[in-house]
Amino acid sequence: MANPVFKEVKVRKPADLEKNVLSFWEKENIELKVREKMKGGKIFVFCEGPPTANGQPHIGHVLTRTSKDAFLRYKIMNGYEIFPYKAGWDCHGLPVEIEVEKELKISGKKKILELGIDKFNAKCKASVFKYKSLWEAMSKRMAFWLDYEHPYITMDDAYIESVWWSLKELWKRGLLEKSYYIVPYCPRCGTPLSSHEVAQGYETARDPSIYVKFKLQDEEAFFLVWTTTPWTLLSNLLLAVHPEVDYVLVEKDGEKYYLAEALAKPVLENFIVIKRVKGSELVGKRYEPLFPYGKALGKVHYVAAGDFVGTEEGTGIVHIAPAYGLDDYELCKKENVPLLNLVDETGKFIDTVENYTGMFVKDADKHIIQELKERGVLYRAGTVEHTYPFCWRCDSPLLYYALNTWFIRTSKLRERLITNNEQINWVPEHLKHGRFGNFLEEVKDWALSRNRFWGTPLPIWRCNCGHEVCIGSKKELEALAVEPLPQNFELHRPFVDAVRIKCEKCGGAMKREEYVIDGWYDSGSAPFAQFHYPFENKELFESRRPVEFISEALDQTRGWFYTLHAISTLLFDMPAYKNVVCLGLILDDKGQKMSKSRGNAVEPMAAFEKMGADVIRFYFYLTPLWNTSRFSEAMVNATAGKMFNTLLNVYSFFVSNANVDGFVPSGKESEDLLDVWLLSRLHSTVRAVREGFDTYNVHIGARAIENLVADISNWYLRLSRRRFWEDTGSKHEGYETLYTVLTTLSKLLAPLAPFAAEELYQNLVRSVKPEAPESVHLCEFPAADETRIKPDVERHMKKVMELAEVGRNLRQSRGIKLRQPLAELFVVGEPEATKPLGPYIQYLAEELNVKNAVFAETVPAGDAYLVGEHENLKIVLNIQIDENLKYEGLAREVVRRIQTLRKTLNLEYTQKIETGYLASPEIEKAIEVYRDYIMHETLSEKLEKGENSGKMEKWKIYEMDLTVWVKPL
RNA sequence: GGGCCCGUAGCUUAGCCUGGUUGGAGCGCCCGGCUGAUAACCGGGAGGUCAUGCGUUCAAAUCGCAUCGGGCCCA
């Protein structure tokens, strides 16, 4: 054997291969070299969506990182500089506080205040990076490259300062205001919850369902009203009807009721209709309040028009209590009806409420129902099952509750939000005008403040005289502070709470509004706050926006995707990003949501170890990134795992054979048709992969690669075996082609499967070209050479592949083994159909093991001919086997047996042997006739009748005996 | 209650935008074969009311409407 050029392929487990590659990258500092290399390239603006490092990463995060990494690597290989190439961490918010509460075994605001905000927040700060090292380890293990040494961190003073700057900008423009606002509120935890948190806690609940009678002031009739929250009736101020809906006045059991016509039957069953009116005609009618608490508020207790009133359930007449519902609140605002709140912050009725003082509202329901019944104003009472939000951490039912809250008037910029959205390329496209667009159409003001502790402090100071200032920087705060800021000052509670500012209106001491802000505002500020804009990097940021590409999961539509867009529109009146790839959810193999409690969650590090990071990455690339997809070991192995297995085998085949022949690539081109075909397939694949990346349809490229690998293995290599095993004249060309294909494939795979790509590249390229870039990730991404793409060649070869299938079928139908050579086959068809196939018919002969393959215009007649059809062609096999063919067939049987024996002996390919045999006369004859052939195929130096001292095995072939001894030399 | 997405074989899916041969493929299953690169491969088979209904059309998996089912988001 010549000196091996390439390292033999031994590693069979992806995880082992990947670990070798990881240590190579580490040892040679490849990541840093890639960063160096990309510098000076055309800028590709990116922004990492910051994960919360105090939660553990799950498989969904692997998808996110898989997606980002592929695009970034692709861009880098195309000469771009990714900017900023920074990781980021989201640090603030309730999740962190909850972790700390658990850690300290305390619960609730009261306990935190007892402990001290300073101590509590110090704990939070320490807890923020609880899983940072796990996140970093995971990112490293799956090769998601970014600068983790210089990440942006949302709790850094510089970051917070940028956020403060932005808030002051809004405040100056009157877009940041304090007002009552209806928020989902947990009475036990004492804080409003974000929409995210609420979404986690919807459960089926059984609530009262009651029909209440409201007596009209000037008419002997009632409005019939339905509610599931009896406790809100105490605060009733209005009734609402839909102005366009038809209502009826009906009589039943001697009483008269107004209600929606469509609901009269389901609610009342039988009744007499007195008259029919439009909702608009009811508007303005006054009624007698059920409870006295609203009476002092001026003009209340009348019917108002509300578009939100539906006729699917209830009575079409909705009771309105402005403090406990968003529709209610907004309607009252429109009608100039003040707020009436009879409930305190713990969800209990306040002192002014008779009978129910101090009672938790949900507990009061049954008593209120009883009272209504006794007073004769209850038409009917029952229960209803519906979904209702519960606090995801303490399980209390949430209340929609009017809180004095700071909020951003996003609704004022609705038109700009919509216009700027037009400039964004959404992938998949339907989100643009679907989920996201609809959300913008109905955008609500953004409730910004949180009555909590760990977060960016709201930079607003307020004086008792009502004067307010918003602070936009640390310097400004220093300048206005009555006392100098302490040494250890930071832009967090409680430090900022202690700062007093002298009121310029009355000279009094202004105190900070003791809120922190919604953590989503922090992350939505990332594009500029990570640069400490505008305090630093002003020109840099302004010249490099918007962000070119972001990618996160679908749940960020109303999360990060929205907050980025909103903040950028508010501050700069431009979109924050140009392209957004929105990833689907990952479910388990049964289509169930993954969760720790279900026990079906996949732990990323364990999955990488088991299946390999490349394999998992590739699995994700095989289906559209935005599809909801299932994930299980079996599914991953069946698709991506199979592809890599095949690739690894092709690669290993090439290496061992090339080494045997001492192949050194010269770059010489092959004119052999099979090679021309494979190169055409290769360049078609390159084109597909590029198109896939450029249009964010990575799956198209990934599938193209999958098909190419299958073609190499199942067609090219099958037909080339002979070439490589015995030199038929084009062996070297075959190696050249295979070499080109594998090395190009390594670059094609680099963004998708960075480990396997590196392994191929190091062993195939670096070993023979020390001057080549040190890593595949420092290479240029391949360009499709259009001149090599030959659609005709691919089409004709495809036809031959299909004809081969028909031919195999024919053989099998008569039980004629492929190993048995046949004399001839015909491809029958019109000359114009068969002519282009001329150069390809040899492959058909080879694949079907036929001596002679020719074209014909008519099917030959006779029993010996088997006919199969494919499209406009027929394929005809002559199945007559003469003596010579029979012996050749037998000889091949003998060869196969000896080869099997070689394999069981675990012999090297090149190991020479001595072979002895005993056989039935027919086989003996075959061995004699084909002696040279058998010796050559099996590397037998000697082939003699009789026993030798080697390994013996016996077989039956067509009822004949064969015994063989194989002795390695 | 509203919005959006999705329903093609047991599973994963191609085809749908731009209507036109008997709706392809892979996995799995059953039967058979092959195997000195391959836990690979090859041949055959079973398995589809293209979710359902109505409509448009000479023609519908494909276009439209409705319904049902699943998912996500929001109330």
Side-chain angles (χ1 to χ4, degrees), chain A residues 9 12 182 184 195-196 198-199 202 308-314 325-327 386-389 400 428-439 441-442 444 553-559 562 582 584-585 587 589-593 619 622-624 626-630 632 634-639 641-643 645-657 699 703 706-707 710 712-715 717-718 720-721 724-725 804-813 815-819 847-848 871 895-896 898-911 937-939:
Chain A
V9 183
R12 304 305 298 188
I182 306 295
S195 54
H196 233 70
V198 176
Y202 276 93
F308 54 85
V309 177
T311 52
E312 266 78 31
E313 55 181 5
L326 195 51
D327 287 333
H386 59 165
T387 54
Y388 193 84
Y400 284 85
E429 213 212 321
H430 62 79
L431 291 167
K432 182 174 185 166
H433 296 119
R435 187 179 290 199
F436 194 72
N438 290 341
F439 183 59
E441 301 273 351
E442 296 164 35
K444 300 271 180 351
L554 187 67
D555 56 353
Q556 297 298 334
T557 313
R558 285 162 192 214
Y562 170 67
C582 200
L585 293 172
L587 308 173
D589 59 338
K590 292 181 190 72
Q592 297 278 306
K593 216 169 169 174
Y619 175 75
L622 279 171
T623 43
W626 51 88
N627 272 187
T628 306
S629 58
R630 301 184 183 190
S632 75
M635 287 194 279
V636 172
N637 284 335
T639 54
K642 203 182 117 185
M643 194 291 269
N645 187 37
T646 310
L647 177 62
L648 216 60
N649 286 319
V650 170
Y651 161 59
S652 136
F653 173 89
F654 169 79
V655 165
S656 44
N657 283 280
H699 62 285
R703 287 176 190 176
E706 193 187 26
N707 289 333
I712 303 171
S713 174
N714 296 339
W715 190 252
L717 232 49
R718 276 170 76 88
S720 297
R721 267 188 194 157
F724 294 126
W725 190 236
E805 195 175 320
V806 178
R808 285 190 212 105
N809 190 359
L810 288 178
R811 292 189 72 118
Q812 174 135 330
S813 69
I816 305 165
K817 291 181 177 182
L818 210 48
R819 210 179 293 126
E847 182 62 19
L848 293 175
E871 292 174 354
V895 168
R896 209 217 103 206
I898 300 173
Q899 302 291 35
T900 310
L901 197 44
R902 285 185 65 109
K903 198 176 183 180
T904 48
L905 287 169
N906 239 336
L907 301 185
E908 291 290 323
Y909 293 107
T910 47
Q911 175 69 50
E937 288 291 311
T938 59
L939 295 181

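We name chains A, B, ... by the order of the sequence lines, and we start the count at 1 in each one.
- If you take atom P in B:rC5 and the same atom in B:rG47, they sit 36 Å apart, rounded to whole Å.
- Which of B:rC41, B:rU38, B:rC11 sits closest to the side chain of A:K642 comes down to B:rC41.
- Side chain A:S713 to base B:rA37: a donor-acceptor pair is found below 3.5 Å.
- Atom name C1', nucleotides B:rU57 and B:rC63: the rounded distance is 10 Å, in whole Å.
- B:rG24 and B:rC50: their C1' atoms are spaced 12 Å apart (whole Å).
- Across every strand in view, B:rG47 sits unpaired, with no contact that passes the Watson-Crick or G-U test at under 3.5 angstrom.
- Distance noted for atom C1' between B:rG19 and B:rG64: 13 Å (whole Å).
- In this structure B:rC27 sits in a base pair with B:rG10, meeting the Watson-Crick or G-U test at under 3.5 Å.
- Straight-line distance between the P atoms of B:rU21 and B:rC27: roughly 27 Å, to the nearest whole Å.
- As judged by a 4.0 angstrom heavy-atom cut-off over every strand, A:T938 is placed among residues making no nucleic acid contact.
- One interatomic measurement links the two molecules: CG of A:N809 to P of B:rG33, which rounds to 15 Å at whole-angstrom precision.
- Side chain of A:R558 to main chain of A:F439: no donor-acceptor pair is present (N/O by atom type, distance under 3.5 Å, no hydrogens or angles).
- In this model, no side-chain donor or acceptor of A:R630 finds a partner on the base of B:rC11 within 3.5 Å.
- Listed candidates were B:rC74, B:rG3, B:rA37. Nearest to the side chain of A:R435 is B:rG3.
- Each of B:rC42, B:rU12, B:rC72 was ranked by its minimum atom distance to the side chain of A:L554; first place goes to B:rC72.
- If you check B:rG64 for Watson-Crick or wobble pairing at under 3.5 angstrom, you find it paired to B:rC54.
- Atom CZ of A:R558 and atom C1' of B:rG2 are 10 Å apart (whole Å).
- Between A:N649 and B:rA40 there is no side-chain N or O to OP1 or OP2 distance below 4.0 Å.
- For A:R718, taking side-chain heavy atoms from C-beta onward, the closest of the listed nucleotides B:rC11, B:rA40, B:rC41 is B:rC41.
- Minimum atom distance to the side chain of A:R703 is reached by B:rA14, of the listed B:rC11, B:rC42, B:rA14.
- With distances taken from any side-chain atom of A:L585 to the nucleotides B:rG3, B:rC72, B:rG43, the minimum falls on B:rC72.
- Position along RNA chain B of the nearest nucleotide to A:E442 versus A:A804 favours A:E442 as the more 5'-ward residue.
- Distance A:E706 CD to B:rA25 P: 15 Å, rounded to the nearest Å.
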List the steps, then state whether side chain to side chain contact (heavy atoms under 4.5 Å, CB included) holds for A:W626 with A:H699.
CA-CA 11 Å; A:W626 51 88; A:H699 62 285; 4.0 Å; yes
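- Closest to the side chain of A:N714, out of B:rU13, B:rG44, B:rC41, is B:rC41.
- The distance between atom CG of A:D555 and atom C1' of B:rC4, rounded to the nearest whole Å, is 15 Å.
- Rounded to whole Å, the distance from CG on A:L848 to C1' on B:rG33 is 15 Å.
- Within the nucleic acid shown, A:R896 comes within 4.0 Å of sugar-phosphate atoms alone, with no base atom in reach, counting heavy atoms only.
- B:rU18 and B:rU67 have their C1' atoms separated by 28 Å, given to the nearest Å.
- Within 4.0 Å of A:L717, counting heavy atoms only, lies at least one base atom of the nucleic acid.
- Summarising the base pairing, B:rG1 is matched to B:rC74 through a Watson-Crick or G-U wobble pair whose two defining distances lie under 3.5 Å.
- Taking atom C1' in both B:rC16 and B:rG7, one finds a spacing of 14 Å when rounded to whole Å.
- Here the straight-line distance linking atom CG of A:L647 with atom CD of A:E706 works out to 11.5 Å at 0.5 Å rounding.
- Taking the P atom of each, B:rC42 and B:rC54 are spaced 43 Å apart, rounded to whole Å.
- The closest side-chain heavy-atom distance from A:L717 to A:F653 is below 4.5 Å.
- Put simply, CG on A:L810 is 17 Å from P on B:rC42, counting in whole angstrom units.
- For the pair A:K642 and A:N637, the minimum side-chain heavy-atom distance is 4.5 Å or more.
- Using a 4.0 Å heavy-atom distance criterion, A:E805 is classed as a sugar-phosphate-only contact.
- Using a 4.5 Å heavy-atom threshold, the side chains of A:E847 and A:W715 count as touching.
- Counting to the nearest Å, the C1' atom of B:rG26 and the CE atom of A:M635 are 14 Å from each other.
- Regarding A:I712, its CD1 atom lies at a distance of 15 Å from the C1' atom of B:rA40, rounded to whole Å.
- The side chain of A:N645 lies closest to B:rU38, out of B:rU38, B:rC72, B:rG43.
- Under a 3.5 Å cut-off, the side chain of A:T557 and the backbone N or O of A:L554 do form a donor-acceptor pair.
- Expressed to the nearest 0.5 Å, how far OG1 of A:T938 lies from CG of A:L901 amounts to 10.5 Å.
- The nearest heavy atom of RNA chain B to A:L431 and to A:H699 marks one nucleotide each, and the one closer to the 5' end goes with A:L431.
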